Amino acid sequence: MTTSFSMNAGDGLYSYSKNSHLQNEIIDGVKEMVRDAIIRKLDIKTILSSSNTIYITELGCSVGPNTFSSMQHIVEALKDKYLYQDQVIDSTKSIPEFQIFFNDQVTNDFNTLFRSLPVDQSYYASGVPGSFHGRLFPSRSIQFAHCSCAIHWLSKIPKELLDKNSPAWNKGLIAYAGASNVEIVNAYVAQFERDMEMFFNARAEEIVPGGMMVLFTPFSGYLRLLGFFGSSLMDMVNEGKLDESLVDSFNLPMYFPSPQDMTKVVEKNGLFSIERMELINIKSNLVDEADAKTLMMSLRSSIEGVIINHFGSKIAEEACTRTILKSEEISEWMKVHSEKPIILFVALKRK
C-alpha cells in the first residue's frame, strides 16, 4: 500500500505486518492470474535481449510479509517462462538474475521491511522511496511492475471536498459511498484520473517495450466496510465526544476504480495494451463474527495512520476500537455480500 499519508506499518499490536490477513487472501487469490499473465503474455526473449537480469518493481510494498510472497511467486513464474519459452526445457540455459526494487513512500518503515526479508530469497533486493505517482526509475529500466492493493490510494484529498461552500462538501461521511451529491463522487473520480495520468506517464517511461505491469485493487464493496469507521466517528459526535466539524472535514484519500475507470485511464495514456481485465470474487475465509474483527483489524492497520493525522491518536484509538466492536453487524454485511466481486485485476503490456 502506498500513499502520501502515513499508516501504522511497523511492529505494534495493530501494525500492518501483523494484521494484513485480508491483503494476504487477496494476493493468494490472484497469484495464479499473475502467473498466467506472465506465462501467456510476456515476451521474455525481447526483454532479455540486452541483459541477463530481469528488473522488477513492487509498487506500494509496505512492510511485508505479503510483498515477499508475491515477489517469490513472480520470480518463480518468470523462471518457468524462461526455461519453457520454447515448450521444451533447456538445461543448458543460464537462469537470469533478478533484481527487485521495493517501493513505497518515504514514510514507509523500510527497516522493518528489510529486517523481515527472507534469508533464502532468490533475488537481489533494494528499496526505492518515493510516490509511485511520479518517476522512480531511469528510462526503460524495468521489465515487470507489480502493484498490489495500492492503486486506490489517492495522492491527496480532492480540493473540492475541503471547501465548505463547495457542492462536494462531504458532510458527515468519510468517503464517497452513501454520498447524496454526485459532485462528491465526481471530485474523487477527477482526482483518481489526475493521479493515474501521472502514474501511467511515469511507468510508460520506465518499463521496457514488451514489459508488463500487473495491478489489482479492492473494488467498491470495501467502501461500506470503511463506512463502519465513519459511523463510529459519528457515534462519538452524537455523544458529544467529538466536534462534528472535524468529521465533516475528514475524507479518506481512496477511490476504488471500476473496469470502466481503469480502461479510460489506460486508453488515455495510449502506451499500454490491456491484456486482461477482470472483476473477481475471492472466496474469503473471514465470514463469522470473530472473523469480522480480524477483517476490521486488517482495515484498521491500513487507515489508522490517516485517522491519527486528522483526529489525533486518542480519538483514532477510540474510533477504531468502537468499529471492531460492531463485529456482529459487520459479519451480517459480509455474509450478504460474500458472492459479489471484490477485486479488480488488470494485466498490461508496454507497447
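Note that the structure is a prediction, hence the values are computed from the model and not measured.
- Between L225 and M296, the shortest heavy-atom contact is O-CE, 3.4 Å.
- Judged purely by atom type and a 3.5 angstrom limit, R203 uses its side chain to pair as donor or acceptor with the backbone of F132.
- A 4.5 Å side-chain heavy-atom check between D261 and K264 finds every atom pair outside the cut-off.
- Put simply, the side chain of K81 gets close to the backbone of L42: a donor and an acceptor are under 3.5 Å apart.
- For residues 245-254, every residue pair satisfying the salt bridge (charged side-chain N to carboxylate O under 4.0 Å, His left out) rule, not counting sequence neighbours, is listed here: K171-D248.
- The main-chain N or O of S62 is found under 3.5 Å from a side-chain atom of N108 such that the two form a donor-acceptor pair.
- Between F345 and F216, the ring planes lie parallel to each other; the angle is under 30°, not in the 30° to 60° tilted range.
- Below 30°, between 30° and 60°, or above 60°: for F199 and H133 the angle between ring planes is above 60°, a perpendicular geometry.
- By the 6.0 Å contact criterion, OH on Y124 is open, its count of non-hydrogen atoms from other residues, nucleotides or ligands being 12 or less.
- Distance alone, capped at 3.5 Å, is enough to place a donor-acceptor pair between the Y82 side chain and the S94 backbone.
- Checking side-chain atoms of N170 against main-chain N and O of A175 turns up a donor-acceptor pair under 3.5 Å.
- A donor-acceptor pair under 3.5 Å is formed between the side chain of K351 and the backbone N or O of G270.
- Under 4.0 Å is where a charged nitrogen must lie from a carboxylate oxygen, and between K314 and E317 no such pair does.
- Hydrophobic clustering, with ILVMFWY side chains joined whenever heavy atoms are under 4.5 angstrom apart, keeps L348 apart from I39.
- Taking every heavy atom of both residues into account, S141 and V208 meet most closely at N-CG1, 4.2 Å.
- The neighbour count for K79 NZ, taken as heavy atoms of other residues, nucleotides or ligands under 6.0 Å away, is above 12.
- Checked against the 6.0 Å centroid criterion, the rings of F68 and F102 qualify as a close aromatic pair.
- Under the 3.5 Å distance criterion, with hydrogens and angles disregarded, a donor-acceptor pair is assigned to the side chains of Q260 and S258.
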- Query: Could you go step by step and tell me if I280 and M33 meet the side chain to side chain contact (heavy atoms under 4.5 Å, CB included) rule?
  - Reply: CA-CA 11 Å; I280 58 174; M33 297 175 71; 3.6 Å; yes
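- Under a hydrophobic-cluster definition in which Ile, Leu, Val, Met, Phe, Trp and Tyr are linked whenever side-chain heavy atoms come within less than 4.5 Å, directly or via other members, I315 and I308 are assigned to different clusters.
- Put simply, the side chain of D195 never gets that close to the backbone of L154: no donor and acceptor are under 3.5 Å apart.
- When the side chain to side chain contact (heavy atoms under 4.5 Å, CB included) test is applied to V182, the partners found at least two apart in sequence or on another chain are N186.
- The backbone N or O of L113 sits less than 3.5 Å from a side-chain atom of S116, completing a donor-acceptor pair.
- No side-chain donor from either of S166 and D163 sits under 3.5 Å from a side-chain acceptor of the other.
- Separation of atoms SG (C61) and CG (D104) is listed at 5.0 Å; rounding is to 0.5 Å.
- Between the side chains of N103 and T57, no donor-acceptor pair is found at a separation under 3.5 Å.
- Cluster annotation: M198 and L136 are assigned to distinct hydrophobic clusters (Ile/Leu/Val/Met/Phe/Trp/Tyr, side-chain heavy-atom contacts under 4.5 Å, transitive).
- Hydrophobic cluster membership differs between L173 and Y188, with clusters built from Ile, Leu, Val, Met, Phe, Trp and Tyr side chains linked at under 4.5 angstrom.
- Both F272 and I56 are part of a single hydrophobic cluster, where members link through side-chain heavy atoms under 4.5 Å apart.
- When all heavy atoms of I207 and A145 are compared, the closest pair comes out as CD1-CB, 4.0 Å.
- In this structure a side-chain-to-backbone donor-acceptor pair under 3.5 Å is present from S232 to F228.
- Q143 CD to R350 CZ: the interatomic distance, rounded to the nearest 0.5 Å, is 13.5 Å.
- Using a distance-only test at 3.5 Å, with no hydrogens or angles considered, no donor-acceptor pair links the side chain of D36 to the main chain of E32.
- Taking the centre and axis of the six-membered ring of F137, the NZ or CZ atom of R135 falls outside the cone set by 45° and 6.0 Å.
- Using a 4.0 Å cut-off between charged side-chain N and carboxylate O, E193 and K268 make no salt bridge.
- By the ring-ring contact (aromatic ring centres under 6.0 Å, His included) test, H310 pairs with F250, sequence neighbours left out.
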